[in-house]
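Per chain, numbering begins at 1; letters A, B, ... match sequence-line order. Note that the structure is a prediction, hence the values are computed from the model and not measured.
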Amino acid sequence: MLKLATWNVNSVRARLERLLAFLARENPDVVCLQELKVTDADFPRLELEGAGWQVAVHGQKTYNGVAILSRAPLSHVEPGLNDDVGDPEARLLSARVGDARVVSVYVPNGKVVGSDKWAYKLAWMRRLRAYLERSADPAGLLVLCGDFNVAPEDRDVARVEDWRDTVLTHEEARVALREIVGWGLTDTIRIHHAGDGPYTWWDYRMLGFPKNNGLRIDHIFATTALAARCRDAYVDRDERKGKLPSDHAPVVAVFD
DNA sequence: ATGGTTGCTTAGCAA
């Protein structure tokens, strides 16, 4: 059995105690993290290694930053999309764990539809599709997970009218996400949950969580061979509760 | 009454 989690922690330094508690409680084998907001040098490596984790980090000052934690050794650690566009922002990290390749991604938010950041988001998602095409095999064992900043369908949005045509729900972003998934991936949550939700992100503002104004924008996508072995997938909604949570809850998938 | 946040960096941006 292999348990994999993904979590946008919104600053690994601000969330370190919660992260360590989550790791101890949930006891996953592999964890993908996003929005570290630290350089590699400032990442709390010693604390995590002391708790028994192998650590791969692709950090950045102030913004972005992604990591992969593993109980078993990590190899083939490769940061970035590695295309000819260049990557000033630390948004992707790939590593091999056992027989599988794990890719942790933080897709750009896009700010406002029509803005420069929106164009960057859509372009980045197309680059991610191209990255999969040239560097991986859909017949293999690969997990692509992280904060995609896209709710795939209306059932992934608690209040559809509040979020219609925003950067998280716009059809162009949904098409770009379907292009990525269409490479050969399965949405593991949808193997086990057919109805509305679950949600993974609630805005800090406007009482998002108390009102359950949530969206499912964090995902664990697996290639067909792995998805066939997915025994469970869920959101750790309780992690969004209490004092100073991340605005995102972790997503967990369990594979035989 | 009709708002209501957090983190990084230090006034303004990003989400």
ask   = Counting any heavy atom closer than 4.0 Å, what does A/Tyr106 reach on the DNA or RNA strands: base, sugar-phosphate only, or nothing?
value = sugar-phosphate
request  = Looking only at non-hydrogen atoms, find the nearest pair between A/Gly208 and A/Trp202 and report the distance.
outcome  = O-CD1, 3.7 Å
query = So where does chain A start and stop touching DNA chain B, 5' to 3', when the test is distance under 4.0 Å to a non-hydrogen atom?
reply = B/dG4 to B/dA15
ask   = Looking at residues at least two apart in the chain, or sitting in another chain, which of them share a side-chain hydrogen bond (donor to acceptor under 3.5 Å, both in side chains) with A/Asp187?
value = A/Arg216
message = For the P atoms, the ones on B/dT6 and on B/dA1, what distance do you get once it is rounded to whole angstrom?
response = 25 Å
message = With rounding to the closest Å, how many angstrom separate the P atoms on B/dA14 and B/dT9?
response = 14 Å
request  = Considering only atom P, compute the distance from B/dC8 to B/dG4 and round it to an integer number of Å.
outcome  = 22 Å
task = Sorted by first residue and then second, give each salt bridge (Lys or Arg N to Asp or Glu O under 4.0 Å) pair with at least one member in residues 105-120 of chain A; sequence neighbours left out.
result = none
Atom pairs and distances, side-chain donor-acceptor, residues 42-50 of chain A, under 3.5 Å, sequence neighbours left out:
| from | atom 1 | to | atom 2 | distance (Å) |
| --- | --- | --- | --- | --- |
| A/Arg45 | NH1 | A/Glu49 | OE2 | 3.2 |

ask   = Of the residues in residues 163-176 of chain A, which ones touch DNA chain B at a heavy-atom distance under 4.0 Å?
value = none
ask   = Under 3.5 Å, is there a donor-acceptor pair between the A/Asn10 and A/Ser246 side chains?
value = no
ask   = So, A/Asn213 and A/Trp163: side-chain donor and acceptor under 3.5 Å apart, yes or no?
value = yes
query = Start at the 5' end of DNA chain B and walk down; is the nucleotide closest to A/Leu244 or to A/Asn149 reached first?
reply = A/Leu244
inquiry  = Which residues pass the side-chain hydrogen bond (donor to acceptor under 3.5 Å, both in side chains) test with A/Arg71, not counting sequence neighbours?
reply    = none
query = Do A/Gln34 and A/Thr6 have side-chain N/O donor and acceptor atoms under 3.5 Å apart?
reply = yes
query = If each of A/Tyr204 and A/Val12 is mapped to the nucleotide of DNA chain B with the nearest heavy atom, which maps nearer the 5' terminus, i.e. the 5' end?
reply = A/Tyr204
